[in-house]
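This report refers to the structure that appears directly beneath it.
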2 protein chains.
Amino acid sequence: MGIADRREREKLQRRNTIVDAAEKIFFSKGISNTTMDEIAEEAELSKATIYLYFKSKEELYCAIIQRAMDILKNYFKEAIDLNACGLERLYHIAQKLYQFYKDYPNYFESMFHREKNPEYFSYENPMIKDLMEQGEEMYMMGVQIIKDGIEDGSIRSDVDPYKTALALDGMLGGFIRTISLEEDHLMKYHNISAAELIHYSMELIGHALKNKDGCPGKKCNPDKINAKNKGGKCKNRKEK
Amino acid sequence: MGIADRREREKLQRRNTIVDAAEKIFFSKGISNTTMDEIAEEAELSKATIYLYFKSKEELYCAIIQRAMDILKNYFKEAIDLNACGLERLYHIAQKLYQFYKDYPNYFESMFHREKNPEYFSYENPMIKDLMEQGEEMYMMGVQIIKDGIEDGSIRSDVDPYKTALALDGMLGGFIRTISLEEDHLMKYHNISAAELIHYSMELIGHALKNKDGCPGKKCNPDKINAKNKGGKCKNRKEK
DNA sequence: TTACTTTCTGACCACCGGTCAGTAAGTAGA
DNA sequence: TCTACTTACTGACCGGTGGTCAGAAAGTAA
């Protein structure tokens with residue numbers, strides 16, 4: 001039916017304008033300092049209306065995290081689809097995470113902000129479950145890349161793809177978060193820029209994973225990867 | 001004066017009982033779900049009294065973080081004082097961090113919980129400054145150990161102690177935090193225990209840092225370090 | 001025009017962080 | 001022991017916030 005369709009569309013649109021408004025104010029004042037009334041005003045609706053679309057302030061915040069994860073997933077996909085060896089693509093994933101942090105610092109921060117409220121933050125909650133599944137999907141991207149890397153010889157064969165992906169996930173996320181909390185402090189007291197530190201850390205990780213013999217593809221040199229290197233030089237990647 | 005002394009002592013004691021009470025309730029219900037009235041009741045004081053000792057709920061929470069940092073610092077000191085090569089002691093620091101997480105999961109979690117409320121979370125605030133300085137101190141422990149490791153040959157000489165310590169700080173912290181958020185999930189879906197994953201990650205980091213030639217001290221074998229190994233085997237450590 | 005559904009809202013509530021005037025307890029000097 | 005003063009504490013209160021609900025408004029179908 002046309003009308004039902006239109007209604008569905010408009011409903012989704014309303015929902016989006018609410019999330020837009022929430023985002024704007026959450027990001028400018030912090031979650032605990034913004035009131036539902038302010039969000040309502042920004043969205044040009046009454047507070048009660050917002051509660052028709054979202055059960056609670058927390059759920060509204062989750063909608064923002066969902067947006068963030070969507071974007072990040074697309075960033076990752078770009079890195080995965082490169083035609084390069086596994087190690088190189090792994091570098092690029094890390095690079096993408098950093099780029100995401102730079103492009104959307106607020107989205108980035110929001111992803112780490114969940115207070116463990118057991119009442120809300122449980123697998124039963126469909127919204128949370130969805131977030132979990134998104135995270136799982138990104139994790140599996142990492143696993144696949146590491147597997148590829150082992151297969152194409154760029155990554156040590158005694159590396160466990162599952163554990164490594166988990167480790168990198170936690171490390172990189174936590175790492176960038178630390179940086180985001182202390183970027184000023186970093187520059188002021190240690191005279192190190194965030195970008196520099198990220199790059200350095202990626203080198204460290206590369207050191208931990210790379211095959212001593214190097215990637216068999218002659219043109220692939222994971223030691224010298226940086227953001228400008230768009231990949232595509234390593235011809236050794238096996239196509240499925 | 002005796003009386004002034006006693007008063008000072010009693011004041012400190014009151015403060016501690018308040019923090020005790022706050023800890024108990026914060027940890028059981030989460031920070032945003034506990035009220036100051038509840039804390040007051042647990043401390044057997046009126047709410048107004050609590051505000052004589054702490055300016056705000058946030059400041060009270062900071063007092064808990066301070067406790068956490070004190071404990072963690074002592075854990076680290078134990079690892080530092082081992083008579084072992086730099087790389088081995090670095091392993092032990094990571095081990096200690098994990099042990100701290102196991103012994104005091106709530107303290108651990110609390111340290112990462114700061115919402116960036118710029119109004120409160122600034123260098124001007126003496127309480128925050130104190131926390132920063134504590135963090136700085138722990139960071140310098142890491143730097144020193146890495147320097148020792150380079151000197152005694154257990155760590156690659158082209159490693160930058162400052163950047164590496166920063167990277168490890170962020171990585172390990174974020175890593176364990178991820179684990180803490182998803183420990184159940186980890187076991188259920190990936191059949192990996194937290195301890196196992198930590199150990200694996202430490203091996204990864206070791207791989208990234210260790211000198212290819214190994215620690216010159218014959219008896220030191222950083223590849224095979226685990227929690228039971230209390231160190232003290234590597235005689236190559238230079239004493240200042 | 002009427003009957004019905006969907007969408008929205010003003011007014012309200014319970015609760016919470018934080019304040020303040022005022023009380024109780026302790027101290028010091030006479 | 002009485003008095004003046006300081007310190008430690010509290011009950012009662014306030015403004016603001018997340019969340020609710022009865023009912024208005026707008027849209028739809030006949």
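Lettering follows sequence order; numbering is per chain, from 1.
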Out of [options], which nucleotide sits closest to the side chain of [X]?
| X | options | value |
| --- | --- | --- |
| B:Arg14 | D:dT20, D:dG11, D:dC9 | D:dC9 |
| B:Tyr51 | C:dC8, C:dG17, D:dT10 | C:dG17 |
| A:Ser46 | C:dT9, D:dC9, D:dG18 | C:dT9 |
| A:Lys57 | C:dT9, C:dG17, D:dG18 | D:dG18 |
| A:Ser56 | D:dG19, C:dG17, C:dT9 | D:dG19 |

Inset, instruction - Look at the side-chain N and O atoms of B:Thr49 and state whether any lies under 4.0 Å from the OP1 or OP2 oxygen of D:dT10. - result: yes
Inset, instruction - Determine: side-chain N/O of B:Tyr53 to OP1/OP2 of D:dC9, distance under 4.0 Å, yes or no. - result: yes
Inset, instruction - Please state whether the base of D:dG11 and the side chain of B:Lys47 form at least one donor-acceptor pair under 3.5 Å? - result: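 Between D:dG11 and B:Lys47, which were checked side chain against base, a qualifying N/O pair under 3.5 Å is absent.
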Inset, instruction - Would you please classify the geometry between the B:Tyr139 ring and the B:Tyr162 ring as parallel, tilted or perpendicular, with 30° and 60° separating the classes? - result: tilted
Legend entry - Check: B:Asp148/B:Gln144 side-chain N/O donor and acceptor closer than 3.5 Å: yes
Legend entry - Side-chain donor-acceptor contact under 3.5 Å, B:Gln134 with B:Asp70: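 Yes - a donor-acceptor pair under 3.5 Å links their side chains.
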Inset, instruction - Report which part of the nucleic acid A:Leu52 touches: base, sugar-phosphate, or nothing (heavy-atom distance under 4.0 Å, all strands). - result: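 Result for A:Leu52 = base.
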Legend entry - Earlier contact from the 5' end, DNA chain C, for B:Thr35 and A:Arg7: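 Checking each residue's closest nucleotide, the 5'-ward one belongs to A:Arg7.
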Legend entry - Carboxylate-amine/guanidinium contact A:Asp20 A:Arg67, below 4.0 Å: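 Salt bridge between A:Asp20 and A:Arg67, a charged N being under 4.0 Å from a carboxylate O: yes.
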